[in-house]
Amino acid sequence: MLYDCPNAPNLRSPPIAASANPVPPPHPAPLLVSGLVKRFGSVTAVDNISFELRSGECLGLLGPNGAGKSTLIRSIVGRVAPDAGTVTVFGAPAASPAACAAIGWVPQELALYPRLTAAENLQAFGRYSGLSGQPLSEAVSWCLNWSGLEDRADAPARTLSGGMKRRLNMAAGLIHQPRLVLMDEPTVGVDPQSRNRIFEMIEALRNRGMTIIYTTHYMEEAERLADRIAIVDHGRIIALDTHQALIQACFPASAQVIARFSVASPALSVWTTTHGGSLKDSTAEFAIDHPTDLARLLESSAAAGLELEDLALRRPNLESVFLHLTGRELRD
Amino acid sequence: MPQFLNIARIALINLRRDRFALALSFLLPIIFFAVFAMIYSGHGATTPKISIIVVDQDHSQASGQLVQALKNEDSLRVATGPEVSKENPAPADYDAVSAEAAVKSGEVPVALIIPTGYGLHPISFGPGQPATQIELLNDSSDQIAPQMVNGLLQKAGMTSMPSTMAQQGMDLTGKYIGGFTPDQQKRVDAQIASLNLSLANPASTSRPESSSGAGIIQVHSRAVVGENKPNPMIAFYAAAFGVMFLLWTSSGAAGSLLDEAESGTLDRVLSSRVSMGTLLAGKMSFAVVLAFAQLTVMFVFAWLVYHVDLPNHISGFLVMGLCTSFAVAAFGMLLASICRSRAQLGALSTMVIMSMSAIGGSMFPRYFMPKAMQTAGLFTINGWAIDGFTKVFWRDMPVSALWPQVAVLVSTGVVLFLIARRIARRWDYA
């Protein structure tokens, strides 16, 4: 499905040449993933993924549940040993002390000590990362402020609301002021208000120039937060580019027309093909460049004797891109 | 489907999916049954034997017959000298001093000293009769053994010395009714000689089914251990129950590892600068401190309420407390690293801890158990810990005497921790 897009973006990072010089480049990329493969039994969770992260960018990993996003993240963190491929973080191999120090991981699970207060949780994870004394106190204060939990600093984590726990979970991943932040679906299970609060936190990080990978299966989140978006499916990155470039690559037209008819008939099939659309059951889909094209379609359908039940005009989005690339809905 | 059936069905599915817990839920009662059956039945139908030392200072016919009768008792294991070994191929027999030392060290619960002159008056039929007392040295932590030995001693007196009893009876008869005619005296002498002859040939002697008339042998009991202790068994039980609950505590504390693995916290911690070895060491340190604090509270309570002499045994308590805490903490880490869920940990720890506690003497003293089970107790933390605490609080032994217990408990802790670390590699990476 990767290459059926007429203007498929270049998904592959520049080939990583085997260098005779072992000295790393002066400014190594925040993250370089090359040919990464991870299998669990007969299931290939990560299937030959390669990409490079640019300094200061926010990369959204968009894909349905089970696509392999979390395994990819855990491979980068060093919690999954890959079967093939390499991961380097600012030039250091994954799981090395330097890579661990550079990465801030926000796991999908609420990985907190429930009986410890918010501040105590942050102190604990700060100490795990080697902080102590004044730097630790300052880091805790910054995290509490960043997550908006200053007034709940002394509340046990288990007594916090779901949204607050999520924010604390994020703060714990940033306590050591990492240079690369990996967020694995940080908005899972939170209400819209809390989600907006989390978006604001992430945008604050972006404004500080932090490099971020953000996994989600919500396209709105990827559209709002990510500079580039990698669409992941069945363990592979099937598209990687900016939001607009992805849509432009798959949908050169400016809008989509979705027309649902009363019955699926051979006449409908012929008519759809004639106008360059695609048909699924009794719903035809077209790409148009100008709204005036819509009137032409409607007249033509009436002339063909087709009974139109519903009509929608929409701009293509990431959902459309995913559907176009995989033939499935993003939340299938 | 009614809701209660649905709930029951879900519980059943949960149990079925956790096969280890499922297996243990059926194995547990069988294993417990087997362990307790072995302890109580002695692996067969044999009665647990009491080991005693007998020192015959008299070397008379009567004392020899008594010693032999005691040796013939099924429920006694009589030693007159140390066992032959490579280091000591011809050991000298026990004397009064070495026998007392053996009781004090816990080697045997009872020693009998048959004094010189015993053969002159081996038995007595009542007050006013001359009798030589046998000295019974005992460890007062064992309330049963001295009473059993005393009873068996009376039985042996009744059955082993028929000629002596007959002679003494004739003497009393002669004293109170004016003596026998020469012909009667001749028959009495022949009968006594016949009794002596039959005793020399045990195969022709039928043993009496039961004995009665206890008290014909005069016994003077003396507790050589724990004589002045206000509550003889409290120190023992403080150690015995303490160790058992320490095992539970350590198992529970180590279980936090499983909680953290389940919640994802373990993953997050291991993604930082913390290694699995460091994490386990940290968890174990906490378990050691917790276990030692628990033991301290227990012994302070025993000191305040039951007057166990803690202040005069601080150094021994510290040594044994820390070594025991170290071993049980490592044991807890091992259990937690083996198990995949809290349910498994609960089932496995119940099985192992209860078995170890039963075999190791936390539920009742090991000296009540058959010899094989006593030996099996040496493969438990409980057994070594209780032995060590008993040395400290009961036998008043110096800290230097604790080296076997210290060596075993510390090396056990180290080995268990290393095994736990190896098993915990499964958490290192997916």
Side-chain angles (χ1 to χ4, degrees), chain A residues 38-41 45-46 70-71 73-83 89 94-116 121 124-132 157-158 165 168-176 178 182 184-185 188, chain B residues 17-20 248-290 293-294 332-333 336-337 339-343 345-346 421-430:
Chain A
K38 178 61 188 177
R39 298 184 192 89
F40 295 105
V46 176
S70 293
T71 306
I73 292 290
R74 290 166 63 81
S75 301
I76 296 169
V77 174
R79 296 299 305 138
V80 164
D83 294 309
V89 179
S96 65
C100 289
I103 289 178
W105 177 34
V106 179
Q108 199 176 123
E109 301 85 10
L110 289 170
L112 300 167
Y113 294 109
R115 288 184 178 78
L116 266 61
N121 264 288
F125 289 110
R127 289 196 179 95
Y128 286 146
S129 298
L131 294 177
S132 61
R158 65 192 163 104
K165 284 178 189 166
L168 179 60
N169 198 39
M170 293 172 69
L174 272 85
I175 186 69
H176 59 298
L182 309 176
D184 195 355
E185 307 209 18
V188 166
Chain B
R17 300 263 160 89
D18 192 343
R19 291 184 181 175
F20 188 68
W248 289 115
T249 303
S250 296
S251 163
S256 66
L257 198 64
L258 294 168
D259 294 338
E260 289 173 18
E262 201 162 320
S263 71
T265 311
L266 184 65
D267 254 352
R268 170 175 257 174
V269 173
L270 293 175
S271 74
S272 66
R273 295 184 181 183
V274 179
S275 68
M276 193 70 218
T278 307
L279 185 80
L280 281 183
K283 297 265 179 204
M284 185 160 149
S285 302
F286 164 71
V288 171
V289 171
L290 181 65
Q294 197 177 18
M333 301 312 300
S337 65
C339 296
R340 304 262 166 176
S341 66
R342 273 280 188 180
L345 180 65
R421 172 66 190 92
R422 185 160 183 82
I423 296 173
R425 283 195 310 181
R426 66 188 161 97
W427 282 309
D428 277 340
Y429 298 105

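This one's a predicted model, so the numbers in the text were calculated from it and none came from an experiment. Just so it is clear: chains get the letters A, B, ... in the order the sequence lines come, proteins before strands, and each one is counted from 1.
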Counting only non-hydrogen atoms closer than 4.5 Å, does [X] touch chain B with its backbone (N, CA, C, O), its side chain (CB onward), both, or neither?
{"X": "A/Ala172", "answer": "both"}
{"X": "A/Pro97", "answer": "neither"}
{"X": "A/Leu112", "answer": "both"}

Among B/Thr265, B/Leu266, B/Leu270, the residue with the most heavy-atom pairs under 4.5 Å to chain A is B/Thr265
Carboxylate-amine/guanidinium proximity below 4.0 Å for A/Arg79 and B/Asp428 = no
Answer whether the closest heavy-atom distance between the side chains of B/Ser263 and A/Glu109 falls below 4.5 Å.
-> no
Side-chain contact test, heavy atoms from C-beta onward, threshold under 4.5 Å: evaluate it for B/Lys283 versus B/Glu260 and give yes or no.
-> yes
Taking the six-membered ring for Trp, are A/Tyr128 and A/Tyr113 parallel (under 30°), tilted (30 to 60°) or perpendicular (over 60°)?
-> tilted
